[in-house]
Amino acid sequence: MTVSTIDRPAPSVTAPRGTAPVVAVLIPCYNEEAAIEAVVRNFQAALPDATVYVYDNNSSDRTVEKAKAAGAVVRHEPLQGKGNVMRRMFSDIEADVYVLVDGDDTYHAPSAPLLVQRLWDDQLDMVNGARVTDIVKAYRPGHRFGNKLLTGIVRQIFGDRIQDMLSGYRVFSRRFIKSFPALASGFETETELTVHALELRMPIAEIKTPYKDRPPGSHSKLNTIRDGIRILKTILILVKEERPLPFFFAIFAVLAAASVILAWPIVATYFQTGLVPRLPTAVLSMGLMLLGFLSLTCGLILDTVTLGRREAKRMRYLSIPAPGIHPVRRPSEG
């Protein structure tokens, strides 16, 4: 269910002493000197007890300098790409709750306490910040259409639980972060995050949050066509890996249909004359049918393998306590 944060006062994240979550704000960053200082300060104000981490991804401007000046803990990831940065962040940081946000100052920091509180109180594994805006420049028609198209594909295949799959504003539990394989290297990592939650049937929620335009001097690194193709490719790969039987059955159906279409006139001629006049076509038809059944066999085998992989991921996920059960101890409490 999607809930709006607009016109709603943000609650503070409170809990009895010793049970309050350790919150980490994670900001992957590349050439965001015009925005990063405001992002850090806004999230420090919204979540005063949280530690704000900025992971710089080979910025050539003053991003690092401004992030440090704002009070963030700055670290570096040399492998280029948002997916590579997130893999490093998820590996390095220990916390109970992780707030992931882009460093472009387009997301609504005052909504963060509500997202964190919802995840902690309801013991969720992911709360997605669905973008809401009337500013055309902030959410360009091409990006909006691409998001709806790609999100629609994922919803049809993996489950209808997320409306804004490509949002860069999310809150995660520790057991989500530490069970997430993080294989993508670029912007397609958001697709991986969503599919990971849907495949393991994690408890998740989506809350509408305001979205605004970038500040002057800040420029988007997202290319609508290039990155859209990469995301679509990622979806296809995930379908092959997580839904192998339907994937390979579709290939079988195409090959079998082509084989039948090619063989039909040959079979009709054979019954009329007793001859096979187009032998190469007959061989091609037989080859296509064999390839089709080979694809179907691969699908059946891989479906069993995928079930085993999914069970292993689920067991790893279940080995980590749910939010609110056993919080990470702060250094001062050790």
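Between Phe172 and Tyr98, the gap from one ring centroid to the other reaches at least 6.0 Å. Less than 6.0 angstrom separates the ring centroid of His196 from the ring centroid of Phe176.
Contact annotation: the side chain of Leu124 never approaches that of Pro323 to less than 4.5 Å [non-hydrogen atoms, C-beta and beyond]. Within the 4.5 Å cutoff, the side chain of Tyr30 has no heavy atoms near those of the Asp56 side chain. Contact of the Arg309 side chain with the Glu242 side chain is registered, since non-hydrogen atoms from C-beta on lie closer than 4.5 Å.
Under the 4.0 Å criterion applied to side-chain N and carboxylate O atoms, Lys82 and Glu190 are assigned as salt-bridge partners. Classification of Lys212 and Asp105 as a salt-bridged pair holds, one side-chain N sitting under 4.0 Å from a carboxylate O. Under the 4.0 Å criterion applied to side-chain N and carboxylate O atoms, Asp125 and Arg175 are assigned as salt-bridge partners. The residues Glu241 and Arg310 are annotated as not salt-bridged, no charged nitrogen and carboxylate oxygen being separated by less than 4.0 angstrom.
Within the 3.5 Å criterion, the main-chain N or O of Phe293 finds a donor-acceptor partner in the side chain of Thr297. Not one N or O on the side chain of Ser259 forms a donor-acceptor pair closer than 3.5 Å with the backbone of Leu255. Panel note: side chain Ser295, backbone Phe248; a donor-acceptor pair is recorded below 3.5 Å. A donor-acceptor pair under 3.5 Å is formed between the side chain of Asp104 and the backbone N or O of Thr106.
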* Steps toward side-chain hydrogen bond (donor to acceptor under 3.5 Å, both in side chains) verdict (Asn58, Gln80) -> CA-CA 7 Å; Asn58 303 315; Gln80 197 68 39; 2.8 Å; yes
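A donor-acceptor contact closer than 3.5 angstrom is absent between the side chains of Arg278 and Ser285.
Across all their heavy atoms, Tyr169 and His108 have their closest contact at OH-O, 3.0 Å.
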